There are 2 protein chains.
Amino acid sequence: MRNKQPTIWDIAIKLNVSISTVSRALRNAPDINPETKKAVLELAQELDYQPNTIATSLRKNKTNIIGVMVPEFVHAYFPNVILGIQEVANAEDYKVMIMQSAESLEIEKHNLQAMMSSRVEGLILAITRETNDYGHIISAQRKGLPIVFFNRIVDELPGSKVMVNDYQGAFMAVEHLIQTGCRRIAHLAGPQNLTIGRNRLNGYLDALKTYQLPIEESLIMPCNFEEGKTRMYTQALLNQTNRPDALFAVNDPTAIEALICIQENGMNIPEHISLVGFSNAPHSAFITPPMTSVVQPLHEIGRHAAELLIRQLNEGTHFIPETHTLDAKLVIRKSTRKA
Amino acid sequence: MRNKQPTIWDIAIKLNVSISTVSRALRNAPDINPETKKAVLELAQELDYQPNTIATSLRKNKTNIIGVMVPEFVHAYFPNVILGIQEVANAEDYKVMIMQSAESLEIEKHNLQAMMSSRVEGLILAITRETNDYGHIISAQRKGLPIVFFNRIVDELPGSKVMVNDYQGAFMAVEHLIQTGCRRIAHLAGPQNLTIGRNRLNGYLDALKTYQLPIEESLIMPCNFEEGKTRMYTQALLNQTNRPDALFAVNDPTAIEALICIQENGMNIPEHISLVGFSNAPHSAFITPPMTSVVQPLHEIGRHAAELLIRQLNEGTHFIPETHTLDAKLVIRKSTRKA
DNA sequence: AGAATTTTCGGCAACGTTTCCGATAACGTT
DNA sequence: AACGTTATCGGAAACGTTGCCGAAAATTCT
């Protein structure tokens with residue numbers, strides 16, 4: 001059983017003052033005698049007094065907690081974003097409450113309820129892969145919960161959003177392939193119902209157009225993030241009589257699967273075929289060869305999301321939600337040829 | 001600005017009953033008319049009432065929150081442990097508050113204060129690499145905060161502990177090397193002031209003894225988790241006239257650094273030299289060659305820690321702390337020879 | 001029918017804090 | 001000397017709940 005923690009009451013009694021006075025001393029209010037203040041602070045120190053934030057939250061109707069909900073945090077992506085969130089949140093004296101939805105809509109709903117119940121002041125949210133019904137989110141927003149979305153964006157929903165310029169990242173990747181001499185560039189594409197799938201495909205297409213390379217349908221493979229499919233489509237590409245000299249994959253897991261397939265066919269990267277990934281899986285630098293990839297500014301995504309949320313908390317109703325689009329960066333490693 | 005969330009007051013007024021009645025209905029107390037209860041629940045549903053957990057916590061002096069503090073969570077290790085923690089915590093109706101100390105003693109102290117201030121009921125803790133003064137921990141424990149330690153264990157501190165059998169894991173690793181024909185097995189060792197460093201070294205030594213292989217001081221390198229040192233010591237080993245035919249590294253990052261050094265020397269793994277890591281970095285399966293490594297039951301560590309903590313919360317003062325030691329598992333990939 | 005019991009409910013105090021409001025005392029002003 | 005100011009403090013209400021205690025109403029028992 002816990003020993004009871006000391007309260008301002010204990011301090012007040014020992015010092016023979018009122019609890020109001022103690023309270024004033026503790027949060028340096030102006031109208032207090034410096035000497036009594038000193039006495040209070042010393043005794044608080046001695047008793048190792050920790051203010052009961054629960055009572056404070058209840059009284060002030062303010063928890064100073066912002067919620068963060070992500071689909072998972074065992075891969076490096078979301079933890080790094082959270083790091084950025086925590087940086088600015090801590091600087092602004094907010095605490096962060098982290099929950100994961102495990103890619104389950106049901107858990108997402110449940111967690112959202114828990115967050116509302118805990119009276120978080122705002123929420124930074126990356127929705128589940130299977131979230132196609134936004135009732136719970138809209139309902140929370142209608143109750144006045146500010147929400148900032150990132151990573152998985154839904155255009156229909158109001159609120160600030162932080163996203164990465166997938167189009168520009170894809171364009172850069174393909175441009176790099178072209179500039180290093182590749183001419184038949186295939187794309188292992190993502191689902192076209194997701195914006196990231198569409199945008200990356202568009203970046204690919206526009207880069208080809210810009211450099212006046214022909215667009216061939218047979219070089220665009222709908223891998224759709226699905227394991228197994230990627231291998232099959234990669235094999236199909238390699239079997240083409242006029243096989244591609246480069247692969248641009250919609251994300252790193254897809255790229256890695258393609259890499260394995262290529263190596264099993266006895267081909268070398270990048271001599272026979274170049275490969276670019278997207279999104280920077282943590283180990284993309286450690287595989288052989290280290291993979292050229294489009295990396296996202298994870299830290300910055302978190303910082304922007306937190307800043308937008310806190311601005312909204314401060315400015316209240318007359319804050320107008322913003323959408324921030326951050327550029328991606330191409331990290332050139334050894335799965336593409338030298339310029 | 002937030003719209004105010006509905007309270008039991010709002011429900012009480014609309015239904016023309018007292019707040020006590022509403023409260024009773026909401027937490028199905030026995031002394032209430034089923035019909036009024038139904039009415040309350042329906043209205044609560046309609047208003048989308050979410051109980052204010054802050055008020056409840058204050059009133060009941062119970063937050064139902066357990067704290068988790070880890071040095072970082074951008075690598076896979078701790079997130080996976082947290083997953084296990086959350087599983088059992090959620091099942092027991094506890095919420096989890098996660099903080100990271102960023103390997104900084106100062107932040108660890110600060111976070112601990114915040115946790116005390118938030119009145120977490122217990123703490124699951126992996127201390128910082130630089131934590132050598134335990135004043136803040138002892139003080140929290142004296143105030144009645146139950147703490148379960150894992151990963152970084154300090155023998156002197158009271159409280160339950162969950163650890164991995166480093167000795168057994170190391171023994172298995174070296175045994176595997178021996179059984180696949182290696183005879184001169186070097187050890188890239190960790191800091192000897194940490195139990196994990198000592199235990200893994202002992203497992204290495206005892207495996208050699210068991211199989212009656214000679215122990216050579218010149219094959220034991222104090223890499224101490226330090227980047228750069230590993231490379232230097234590995235190079236020294238490769239330069240020996242009678243160079244080792246196997247390396248057992250104290251952890252995966254060390255192993256990977258050694259791997260790079262070996263490959264730069266133009267040697268093949270495992271033909272020229274076998275390599276075993278420890279602790280299973282997420283990418284150890286993706287490097288070339290995929291690395292044989294001792295893996296820890298991360299999920300189970302989390303589950304045990306949470307179970308121990310919750311048992312302590314339930315049983316109160318007459319709970320006697322326990323230390324659980326979980327076995328590690330050897331995952332054989334391709335950096336060691338076939339049997 | 002009256003008493004005893006049960007069911008159902010409302011009042012109220014508490015949890016620890018903040019904050020408004022008013023009280024007191026010491027000071028300076030005319 | 002009477003007044004206004006200022007510095008410092010205490011009292012008390014409030015935040016949203018829970019849970020004890022007792023009251024009223026409904027039910028059962030004699």
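Below, all heavy atoms of this structure are taken into account, side chains as well, without hydrogens, waters or symmetry copies. Everything numeric in this text was worked out from a predicted model, so none of it was measured.
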Rounding to an integer number of Å, can you tell me how far [X] [atom1] sits from [N] [atom2]?
{"X": "Lys38(B)", "N": "dT8(C)", "atom1": "NZ", "atom2": "P", "answer": "15 Å"}
{"X": "Asn33(B)", "N": "dT8(C)", "atom1": "CG", "atom2": "P", "answer": "5 Å"}
{"X": "Ile19(B)", "N": "dC12(C)", "atom1": "CD1", "atom2": "P", "answer": "11 Å"}
{"X": "Asn64(A)", "N": "dT17(C)", "atom1": "CG", "atom2": "C1'", "answer": "15 Å"}
{"X": "Ile8(B)", "N": "dC9(C)", "atom1": "CD1", "atom2": "P", "answer": "15 Å"}
{"X": "Asn16(A)", "N": "dG11(D)", "atom1": "CG", "atom2": "P", "answer": "11 Å"}
{"X": "Met116(A)", "N": "dG16(D)", "atom1": "CE", "atom2": "C1'", "answer": "16 Å"}
{"X": "Glu35(B)", "N": "dA26(D)", "atom1": "CD", "atom2": "P", "answer": "13 Å"}

Under 4.0 Å: is that the gap between some side-chain N or O of [X] and OP1 or OP2 of [N]?
{"X": "Tyr49(A)", "N": "dG16(C)", "value": "no"}
{"X": "Thr56(B)", "N": "dG16(D)", "value": "no"}
{"X": "Thr21(B)", "N": "dG10(C)", "value": "yes"}

**Request:** Would you state whether a donor and an acceptor, one from the side chain of Asp31(B) and one from the base of dC9(C), lie under 3.5 Å apart?
**Result:** yes

**Asked** Looking at dG10(D), does its base get a donor-acceptor pair with the side chain of Arg24(A) below 3.5 Å?
**Response**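 For Arg24(A), whose side chain was compared with the base of dG10(D), there is a donor-acceptor pair (under 3.5 Å).
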
**Asked** Do we see a donor-acceptor contact under 3.5 Å between the side chains of Tyr77(A) and Asn151(A)?
**Response**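 Present: a donor and an acceptor within the cut-off.
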
**Prompt:** Of the candidate nucleotides dT17(D), dT17(C), dT8(D), which contains the atom at the shortest distance from the side chain of Ala55(A)?
**Reply:**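 Selected nucleotide: dT17(C).
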
**Prompt:** More 5' along DNA chain C: Leu58(B) or Leu26(A), using each one's nearest nucleotide?
**Reply:**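 Its nucleotide being nearer the 5' end, the pick is Leu58(B).
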
**Request:** Using heavy atoms to find the nearest nucleotide of DNA chain C for Lys60(A) and Ser20(B) separately, return the residue whose nucleotide is more 5′.
**Result:** Ser20(B)

